[in-house]
Protein chains: 2
Amino acid sequence: MNKGRVTVVDIARAAGVSKSTVSLVLQASPLVNEATRAKVNAVIRELGYVYNRGAANLRQSASSKIIGIIVNDLTNSFFAELAVGMDMVMQSAGYVQFLSNSAESVDRQREVIASMREHGIAGLIISPARGTEAVDLKPLAASGIPVVAVVRNVVGAKVSTLFSDNYAGAKDAVRHLVSLGHSRIAFLGGIANTTVFAERVQGWRDALAEAGLAAPDTLVIGSTASRAGGVAAIERALSLQDAPTAALCFNDAAAFGVCDGLRAAGKEPGRDFGVVGFDDVIEAETAVPALTTVSVDPQGMGRRAAQLLLKQINAGRVEPEAIVGSVRLVVRQSCGAGEKTRRMSA
Amino acid sequence: MNKGRVTVVDIARAAGVSKSTVSLVLQASPLVNEATRAKVNAVIRELGYVYNRGAANLRQSASSKIIGIIVNDLTNSFFAELAVGMDMVMQSAGYVQFLSNSAESVDRQREVIASMREHGIAGLIISPARGTEAVDLKPLAASGIPVVAVVRNVVGAKVSTLFSDNYAGAKDAVRHLVSLGHSRIAFLGGIANTTVFAERVQGWRDALAEAGLAAPDTLVIGSTASRAGGVAAIERALSLQDAPTAALCFNDAAAFGVCDGLRAAGKEPGRDFGVVGFDDVIEAETAVPALTTVSVDPQGMGRRAAQLLLKQINAGRVEPEAIVGSVRLVVRQSCGAGEKTRRMSA
DNA sequence: TGACAAATTTGGAACGATCCAATTATCTAG
DNA sequence: CTAGATAATTGGATCGTTCCAAATTTGTCA
């Protein structure tokens with residue numbers, strides 16, 4: 001009896017109505033008589049019916065309530081939080097999401113996109129793997145599926161985008177370090193060959209220029225955008241003949257690594273060396289010393305991206321839109337300023 | 001012309017064959033003539049056909065190649081890595097996954113499960129939200145959908161499980177601290193009212209008893225399983241009249257918090273106070289000091305969970321299976337032992 | 001060439017829900 | 001009591017695929 005799943009027809013038979021009526025009940029249509037509705041609902045509960053969304057989506061008019069999310073590195077808590085933000089709004093909008101981790105592999109990403117297409121996603125939010133090309137996203141756009149690219153850019157792709165203002169954020173951070181009296185400020189961590197990296201470095205460079213300070217390439221030390229990368233970068237920075245006294249780090253993960261590296265070298269971050277991160281990951285606040293960082297609120301960004309996508313899905317017409325999320329410097333202790341002035345402002 | 005999507009019938013017409021033949025080509029059946037196959041494939045590419053998996057899954061025999069994953073806290077990097085591990089094996093097995101974050105809300109979790117059922121998932125891996133009851137998972141099991149519970153237990157649920165050996169891990173960790181000469185060892189962080197917490201505390205208690213040491217309840221200081229929770233716990237621990245000199249922490253996040261808190265109190269973790277974590281998150285290795293921790297390899301656990309689920313899906317019969325993942329102590333620097341002996345062992 | 005086997009191909013009839021047009025039940029008022 | 005309106009219900013036909021049984025083509029050998 002548990003063989004085949006329970007369908008509308010089974011319900012109809014058991015309730016003594018037609019499948020059409022059952023369908024109307026399922027859609028909470030006002031056309032159906034209250035008594036009938038009650039009886040049908042009772043039978044539905046009794047037989048343990050589960051709605052088959054796949055079957056419903058078959059009819060050409062219907063759209064699928066499934067959206068795809070692809071991130072390049074879920075183990076990075078920035079992206080994990082981004083995903084959580086999206087999850088929140090998608091869930092309350094009645095969508096489910098295919099979430100996949102491309103792990104920076106363009107091939108894997110391509111497979112995942114294909115698979116998602118076959119499953120009929122209504123839209124896609126993607127933080128593209130390094131090396132993603134416009135052609136990878138073309139077919140989606142061509143079949144009218146809205147795409148929102150977040151965090152990273154895909155040059156030439158006609159999709160909506162939501163980036164944070166990397167340039168302004170980096171500039172603000174460096175200005176702050178300058179105002180604290182630093183004159184040799186490094187840029188540490190991150191993979192050099194990316195747009196985000198370039199934008200942040202440009203902000204760093206321009207802020208230094210503005211202050212009349214030198215911005216030699218030796219002070220830009222790329223590595224990976226991780227804690228380990230931060231350790232490596234600060235080691236190299238400290239070994240320079242004219243070592244920096246502060247640094248803007250590519251992201252918070254790298255900044256934590258820089259703090260670790262400083263301690264390993266006997267220096268206390270915040271006191272002996274100014275450290276500023278980028279992203280404002282949750283741990284930034286509770287770390288010791290608390291990390292001064294450029295806040296981009298990953299969860300909020302995820303929510304906005306999801307809202308943007310939903311808007312496009314509902315609009316029908318796909319009109320690419322570019323949003324740049326504002327950003328603000330959160331001064332805590334690791335830069336050497338926060339702690340002392342924190343309670344003095346009142 | 002781009003109105004309706006391209007279907008097998010369109011392909012059939014354009015290639016001058018029947019839809020049945022196209023279907024055979026799609027399934028790479030050996031029944032079809034090479035020349036025909038080539039032509040059909042050419043047309044498929046030309047018209048930009050995309051397979052409609054939803055329609056295919058409609059036929060009763062087919063099973064869906066979609067699995068559900070629900071975790072209770074994606075922002076915790078332990079779970080993020082767990083998810084990544086699952087993603088890996090699911091992806092190479094040709095599955096896509098609905099991944100959702102219950103954020104410890106049983107209601108949200110219930111909704112998500114319902115939604116996943118409607119979408120016809122072939123199986124579910126869940127790290128249950130606190131307070132999940134057997135009845136929440138019952139309907140799935142009843143309709144023959146395999147369920148694997150990971151990390152946490154759901155009492156009374158007839159599902160497969162994959163937990164790490166919390167008891168043994170905690171015991172090993174405490175034994176190690178004892179062997180380093182500590183006699184007042186605390187248990188810090190974590191939410192007291194959970195199975196995992198109870199198991200780890202029991203290991204802690206038994207190891208102390210084994211060594212003839214006292215295990216007073218005052219040394220068990222619960223809080224949240226986060227960095228902030230660790231900070232709070234160590235603060236309380238240090239304020240005790242007979243303060244501990246070392247601690248086993250509920251998890252790595254809490255352990256990092258404990259290190260932060262120690263530093264804030266002017267003590268250096270590893271030198272002035274022994275800290276051991278639990279989970280072996282990636283950052284444990286690169287942190288300074290590197291964290292001594294009980295390794296449970298979250299990614300590996302995710303992979304195993306995924307494999308277990310796939311096995312059950314393929315087996316047809318759902319035979320609940322309980323796996324307890326072995327665990328091992330990774331000695332690094334935060335306990336005060338690792339660093340000195342690291343290079344001396346050769 | 002004809003008979004038979006093997007290799008290919010092909011119409012439907014599902015699958016589970018929706019939706020339109022058409023039907024039937026119920027109500028209202030003259 | 002009935003015409004006409006309104007409320008409620010209901011058969012198909014349809015969505016895009018699979019799969020079975022049956023039909024067609026091709027190949028082999030006496």
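In what follows, every chain begins at residue 1, and chains take the letters A, B, ... in the order their sequences are listed. Because the structure is a prediction, the values reported are computed rather than measured.
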Task: Residue whose closest nucleotide on DNA chain D lies nearer the 5' end, A:P30 versus B:L26 - done: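 Closer to the 5' end of DNA chain D: A:P30.
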TODO: Name the nucleic acid region contacted by B:V17, choosing base, sugar-phosphate or nothing; use a 4.0 angstrom heavy-atom cut-off, strictly under.
DONE: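 It contacts sugar-phosphate atoms only.
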TODO: For A:T7, answer base if it contacts any base atom (sugar-phosphate contacts may also be present), sugar-phosphate if it contacts only those atoms, and nothing otherwise; contact means non-hydrogen atoms under 4.0 Å.
DONE: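 Sugar-phosphate, backbone atoms only, no base.
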- [ ] Could you check A:V50 against B:L31 and say which one's nearest nucleotide on DNA chain C is further toward the 5' end?
- [x]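 Its nearest nucleotide being more 5', the pick is B:L31.
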- [ ] Let me know, please, whether A:S23 or B:R37 comes out on the 5' side of the other along DNA chain C by nearest nucleotide.
- [x]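 Nearer the 5' end of the strand: B:R37.
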Whole angstroms only, please: what is the [atom1]-[atom2] distance between [X] and [N]?
| X | N | atom1 | atom2 | value |
| --- | --- | --- | --- | --- |
| B:E118 | C:dA17 | CD | C1' | 12 Å |
| A:E34 | D:dA8 | CD | C1' | 12 Å |
| A:N33 | D:dT6 | CG | P | 18 Å |
| A:R13 | D:dT10 | CZ | C1' | 15 Å |
| A:N57 | D:dC15 | CG | P | 15 Å |
| A:I11 | C:dG16 | CD1 | P | 12 Å |
| A:N52 | C:dT18 | CG | C1' | 12 Å |
| B:L24 | D:dC20 | CG | P | 11 Å |

TODO: Flag the pair A:I323 / A:F163 as yes when at least one side-chain heavy-atom distance between them is below 4.5 Å, and no otherwise.
DONE: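 No - every pair of side-chain heavy atoms lies 4.5 Å or more apart.
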Identify which nucleotide among [options] has an atom closest to any side-chain atom of [X], counting heavy atoms from C-beta outward.
| X | options | answer |
| --- | --- | --- |
| B:V8 | D:dT17, C:dT9, D:dG11 | D:dT17 |
| A:L58 | C:dT18, D:dG16, C:dT10 | D:dG16 |
| A:K19 | D:dG11, D:dT18, C:dG16 | D:dG11 |

On the nucleotide [N], are OP1 or OP2 found under 4.0 Å from the side-chain N or O atoms that [X] carries?
| X | N | answer |
| --- | --- | --- |
| A:S20 | C:dC19 | no |
| B:R59 | D:dC19 | no |
| B:Q27 | D:dT17 | no |
| B:S18 | C:dT9 | no |

Open item on the list: So if I apply the side chain to side chain contact (heavy atoms under 4.5 Å, CB included) rule between B:S160 and each of B:V147, B:L309, B:V148, B:I125, which one comes out positive?
Closed with: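 For B:S160, the side chain to side chain contact (heavy atoms under 4.5 Å, CB included) test succeeds with only one of B:V147, B:L309, B:V148, B:I125, which is B:V148.
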- [ ] Please report the C-alpha distance between A:D107 and A:S105 in whole Å, then the side-chain angles of each, then the deciding distance to 0.1 Å, and finally whether the side chain to side chain donor-acceptor pair (under 3.5 Å) criterion is met.
- [x] CA-CA 5 Å; A:D107 290 334; A:S105 154; 5.1 Å; no
Open item on the list: Between A:N72 and A:S127, does the side chain to side chain donor-acceptor pair (under 3.5 Å) criterion hold? Intermediate values first, please.
Closed with: CA-CA 6 Å; A:N72 54 287; A:S127 160; 2.5 Å; yes
Open item on the list: For B:E321, is the CD atom crowded, meaning more than 12 foreign heavy atoms sit under 6.0 Å from it?
Closed with: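 Check passes, neighbour count above 12.
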